[in-house]
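Accompanying notes for the structure given below.
Letters A, B, ... mirror the listed sequences (proteins, then strands); counts begin at 1.
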Amino acid sequence: MASFQSLPGFREFYPESLARRNHLFRCWRQSAHAYGFLEYDAPVLESLDLYKAKSGDEIEGQLFSFTDKGGREVALRPEMTPTVCRLVGAKANALKRPIKWFSIVDFFRYERMQKGRGRCFAQFNADIFGEAGPEAEIELIGLLVQCLRGLGLTADDFYVRLSDRNLWFYYLEALGFDADQARGMLGAIDKFERLGDDAFKIYTDAHGELAADTKGRIVEFLGIKTLPQLEAIVGQSDSVELSARLDDWRRVLGGLNAMGLAAFVTVDLGVVRGLAYYTGFVFEAFDRKGDLRALAGGGRYDDLVGKLGGPALPAVGFAIGDMTMELLLEQRGLLPNLVVAPDVYAVIAGAEERLAAFADINLLRAAGYRVDYPLRELGFGKQFKHAAELGARIAIIYGGEELARGVVKLRDMNKREEVEVPRSQMAEAVRDFLSA
RNA sequence: GCGACCAUAGCUCAGUUGGUUAGAGCACUAGAUUGUGAUUCUAGGGGUCGCGGGUUCGAAUCCCGUUGGUCGCCCCA
């Protein structure tokens with residue numbers, strides 16, 4: 001056992017696992033670019049106050065925080081939202097709207113490890129600033145679906161549950177709740193899926209008993225799965241706000257339907273995402289088979305840029321975590337061997353042939369091909385074995401007899417066939433083979 | 001912060017009521033094979049049995065502690 005180990009909750013990425021992680025990142029980045037999002041980055045270390053301002057003092061217990069040598073209270077970032085709000089807020093008047101940004105970076109949380117959860121993890125974050133209408137939600141949910149589909153997942157593998165804190169507030173208001181009671185009830189609704197009826201105890205302990213009818217109306221609301229059901233129940237109410245909000249729902253679901261994404265999205269008002277800063281639509285993506293944590297989550301947070309010192313600026317965003325994502329892809333067999341293989345492996349007879357091979361190897365590498373060769377002298381059998389194990393598509397054989405005639409042999413590693421080509425045409429032959 | 005289970009080679013694991021120098025398969029390296037990838041055979045490297053203490057003539061084995069891991073609870077931005 002080595003004397004030094006990695007810190008608890010921190011992963012190490014040997015080439016095979018880094019290849020898988022890069023595969024995720026590559027797909028996410030490609031999806032974001034397809035949707036017109038621009039990539040940004042920012043410091044991994046931030047002022048502790050940035051997170052306290054957003055989440056309250058109690059957040060400190062879950063942070064990697066410390067005092068730096070200049071006496072500053074700092075923390076490794078546990079999330080991207082405060083940072084991106086600061087970036088956007090600082091230049092809000094100079095940035096073209098809508099502002100569509102994304103990032104793929106590491107985060108740190110001082111938590112106990114669990115399945116799909118560690119102390120250092122990566123997230124894909126995407127946000128739209130400057131659009132108050134539900135078109136921003138359409139664009140982001142579309143991107144979220146694409147990020148997962150791009151990895152090979154289908155509507156049979158995952159779905160997005162769409163909910164709305166505004167809808168809840170209007171509904172609860174119509175049932176006679178005041179603002180404080182409504183917030184308390186949202187906390188209970190957040191737990192309803194796991195605790196069932198016991199979740200209401202969270203509310204009744206703080207705000208007193210519920211009328212049986214009221215509780216029934218809330219449970220009925222929680223059971224809504226489709227837009228027609230929602231329309232039917234909202235239609236019974238005379239709340240103007242409630243029916244106005246229904247128009248936003250029609251726009252979001254209608255837009256996603258027009259994008260061909262209806263199979264990926266369900267109405268599910270059981271999602272409220274405990275965070276107090278969400279102000280409207282909220283959504284989470286889940287594995288359909290359901291034994292994993294949420295794959296992704298997000299929502300609208302129209303007040304946060306202003307709260308963190310910027311101008312008032314509407315915003316919607318979501319994040320996908322890499323750990324649960326990788327578990328799901330693993331379960332579905334969507335993470336094949338992704339280690340980069342060489343295009344060409346040079347098989348070299350001896351010391352003199354090596355110098356000839358070096359010239360060609362350098363030529364091919366400069367042209368952008370992935371080329372490998374043995375660093376030591378080895379028998380031909382061993383060299384071919386290495387070429388096959390590395391996954392090379394072509395072996396180029398530098399033998400004394402061939403070089404004397406000014407040729408090399410190109411071996412198709414899959415077909416086990418060889419052709420001789422003049423060395424002067426070697427690069428063209430490689431190009432033709434690999435592009436065929 | 002709380003709880004359960006686990007810890008022997010890089011990996012998966014065996015190891016007898018506590019008893020000689022701790023084993024196997026896979027993987028890795030080399031050779032059989034000095035111009036062609038398989039198979040096979042042979043050999044080799046790799047362990048303070050997670051760490052510390054205790055019981056004992058003797059501990060991988062039993063006891064206590066500790067560290068780490070896995071999984072749950074709390075939380076989940």
[X] and [Y] ion-paired at < 4.0 Å:
X: Arg405(A); Y: Glu420(A); answer: yes
X: Glu193(A); Y: Arg161(A); answer: yes
X: Arg117(A); Y: Glu111(A); answer: yes
X: Glu241(A); Y: Arg245(A); answer: no
X: Arg273(A); Y: Asp190(A); answer: no
X: Glu326(A); Y: Arg21(A); answer: no
X: Asp302(A); Y: Lys307(A); answer: no
X: Arg423(A); Y: Glu402(A); answer: no

Looking across every strand, which nucleic acid part, if any, lies under 4.0 Å from [X] by heavy atom: base, sugar-phosphate, or nothing?
X: Asp412(A); value: base
X: Gly379(A); value: nothing
X: Arg77(A); value: nothing
X: Gly350(A); value: nothing
X: Gln383(A); value: nothing
X: Glu111(A); value: base
X: Arg119(A); value: nothing
X: Met413(A); value: base

I want to verify a distance call: between [options], whose nearest atom is closest to the [X] side chain?
X: Arg109(A); options: rG37(B), rA77(B), rC74(B); value: rA77(B)
X: Phe380(A); options: rA30(B), rG35(B), rA77(B); value: rG35(B)
X: Lys385(A); options: rU36(B), rG37(B), rA77(B); value: rG37(B)

Examine the side chains of Thr204(A) and Glu209(A) and answer whether a donor and an acceptor come within less than 3.5 Å of each other. no
Indicate whether the side chain of Tyr159(A) and that of Asp268(A) have a donor and an acceptor atom separated by less than 3.5 Å. no
Are Phe107(A) and Pro78(A) side-chain neighbours, meaning at least one heavy-atom pair lies under 4.5 Å? no
Using the six-membered ring for Trp and the full ring for Phe, Tyr or His, decide whether Phe384(A) stacks on the six-membered base ring of rU36(B) (centres under 5.5 Å, planes under 30°). yes
Taking every heavy atom of Leu63(A) against every heavy atom of Ala75(A), the minimum-distance pair comes out as CD1-CB, 4.1 Å
Separation of [X] atom [atom1] from [N] atom [atom2], in whole Å?
X: Arg293(A); N: rG72(B); atom1: CZ; atom2: P; value: 8 Å
X: Asp49(A); N: rA77(B); atom1: CG; atom2: P; value: 22 Å
X: Arg416(A); N: rG37(B); atom1: CZ; atom2: C1'; value: 5 Å
X: Arg194(A); N: rG72(B); atom1: CZ; atom2: P; value: 13 Å
X: Glu389(A); N: rC28(B); atom1: CD; atom2: P; value: 7 Å
X: Lys415(A); N: rG37(B); atom1: NZ; atom2: P; value: 20 Å
X: Ile348(A); N: rG35(B); atom1: CD1; atom2: P; value: 14 Å
X: Leu410(A); N: rG35(B); atom1: CG; atom2: P; value: 20 Å

Donor-acceptor pair under 3.5 Å: do we get one between Arg411(A)'s side chain and the base of rU36(B)? yes
Side chain of Glu402(A), base of rG35(B): donor and acceptor closer than 3.5 Å? yes
Same-atom distance (P) from rU61(B) to rU17(B), integer angstrom: 15 Å
Which value, in whole Å, describes the distance between the P atoms of nucleotides rG52(B) and rU67(B)? 15 Å
Under 4.0 Å between a side-chain N/O of Arg273(A) and OP1 or OP2 of rA77(B), yes or no? yes
Here's a test of your reading of the structure: between Lys382(A) and Lys409(A), which maps to the more 5' nucleotide of RNA chain B? Lys382(A)
Where protein sits on nucleotides 66-71 of chain B, one letter per nucleotide: B base, S sugar-phosphate only, - none, heavy atoms under 4.0 Å: --SSBS
Strand RNA chain B as a dot-bracket string - pairs counted if Watson-Crick or G-U with both distances under 3.5 Å, | where the partner lies in another strand: (((((((..((((.....[...)))).(((((.......))))).....(((((..]....))))))))))))....
Between Asp322(A) and the options Gln123(A), Arg11(A), Arg20(A), the side chain to side chain donor-acceptor pair (under 3.5 Å) test singles out Arg11(A)
With Glu46(A), the salt bridge (charged side-chain N to carboxylate O under 4.0 Å, His left out) member among Arg77(A), Arg86(A), Lys54(A): Arg86(A)
Kindly give the atom pairs (protein nitrogen or oxygen, nucleotide nitrogen or oxygen) under 3.5 Å for nucleotides 41-44 of chain B.
none

